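The structure under discussion appears below in the form of structure tokens.
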Number of protein chains: 2
Amino acid sequence: MVKSVLPGKPARGSRTGRPIMALLDLLGRRWTLRIVWELREEPRRFRELQDLIGASPTIVNARLAELREARLVELDAESGYRLTPLGRELLRLLLPLHHWSEKWAKALAAG
Amino acid sequence: MVKSVLPGKPARGSRTGRPIMALLDLLGRRWTLRIVWELREEPRRFRELQDLIGASPTIVNARLAELREARLVELDAESGYRLTPLGRELLRLLLPLHHWSEKWAKALAAG
DNA sequence: GTAGTTGCTACGGAAAGTGTAGCACACGTC
DNA sequence: GACGTGTGCTACACTTTCCGTAGCAACTAC
């Protein structure tokens, strides 16, 4: 049983169906951001993905189901799980986080 | 007892201390993204924040503690919880999600 | 047939989140 | 003094989510 996290349907704890809330809810679930991140370069097989992030198959499958329902990820029989065009658009917005996280780490290290 | 999510210390399920992993781990916790989002315009009081997102005080407090430890959020006695300069930088990277989420919603609605 | 890979599920125990109540402290007001 | 109000935060029992391990069914290769 997969709980829907699509815009139009109220997001967890928001009651409104505003897309941004649905998106924050979706991305705020454990491993979701990480899965999108690990698919940034090449398609990954189910087990490969599972090993990369180190989560249980149960939850990897649940997150993948949500991401597929949200049309951010799709399963290609030949290559494995990969980002859809929509998913790649989202990834493009998330990529700056990589560089910023380095800056953030330095700021924290500097005390 | 607050679990640390700082870069340098290994993120949940990552083993490496890479900043991006720490960041994805931090933001991937329930309500974290949402809290940052709700602080985008003005400082919020503890209860105000709690009502806005509709989560239990326990978890709001836990997330705020993590965000404060990560120096993204701070508590100002006069005005309430607000983003730090570092937090505002992060928010700037997240803001494009708002517009994109609308596009995403339309794409899904279009079938 | 049997060994490997695929995506995925079952299940018991551990961890995280929920909902309600309430504490301790400060402030203002009578 | 005793009250009410707002502050951040905690306690506790209940529920949901997640983890770790095992394993299934289908397909491919040999």
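In what follows, chains are A, B, ... by sequence order, proteins preceding strands, each numbered from 1. In this text the structure is predicted, and so the values were computed from the model without any measurement.
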A:R47 (side chain) and C:dG7 (base): donor-acceptor pair under 3.5 Å: yes
A:L64 CG - C:dT9 P separation (whole Å): 11 Å
Nearest-Å distance for atom pair CG/P, residues A:L49 and C:dG7: 9 Å
Pairwise 5' ranking along DNA chain C for A:T58 and A:L75, keeping only the more 5' one: A:L75
Nucleotide C:dA16, atom P - distance to CG of B:L26 in whole Å: 15 Å
Side-chain (A:W104) to main-chain (B:A70) donor-acceptor, under 3.5 angstrom: yes
Atom-to-atom span, CZ of A:F46 to C1' of D:dC24 - whole angstrom: 13 Å
Presence of donor-acceptor pair under 3.5 Å, side chain of B:R45 and base of D:dG6: no
Whole angstrom value for the distance that separates C1' of D:dC18 from CH2 of A:W31: 10 Å
Within-4.5 Å side-chain heavy-atom neighbours: A:E38 and A:R40: yes
Salt bridge present between B:R71 and B:E69 (N-O < 4.0 angstrom): no
A:N61 side chain near C:dG7 phosphate (N/O to OP1/OP2, under 4.0 Å): no
Separation of C:dG17 C1' from A:D25 CG (nearest whole Å): 13 Å
Interatomic distance where CZ belongs to A:R30 and C1' belongs to D:dT16 [whole Å]: 13 Å
Touch class at under 4.0 angstrom, heavy-atom based, for B:R68 against every strand present: sugar-phosphate
d(CD, B:E66; C1', C:dG17) in whole Å: 12 Å
Salt-bridge present (B:E42, B:R44; N to O < 4.0 Å): yes
Proximal nucleotide (of D:dG8, C:dT18, C:dG7) relative to the B:I59 side chain: C:dT18
OP1 or OP2 of D:dC18 under 4.0 Å from side-chain N/O of A:R29: no
Side-chain heavy atoms of B:D76 within contact of B:P43, under 4.5 Å: no
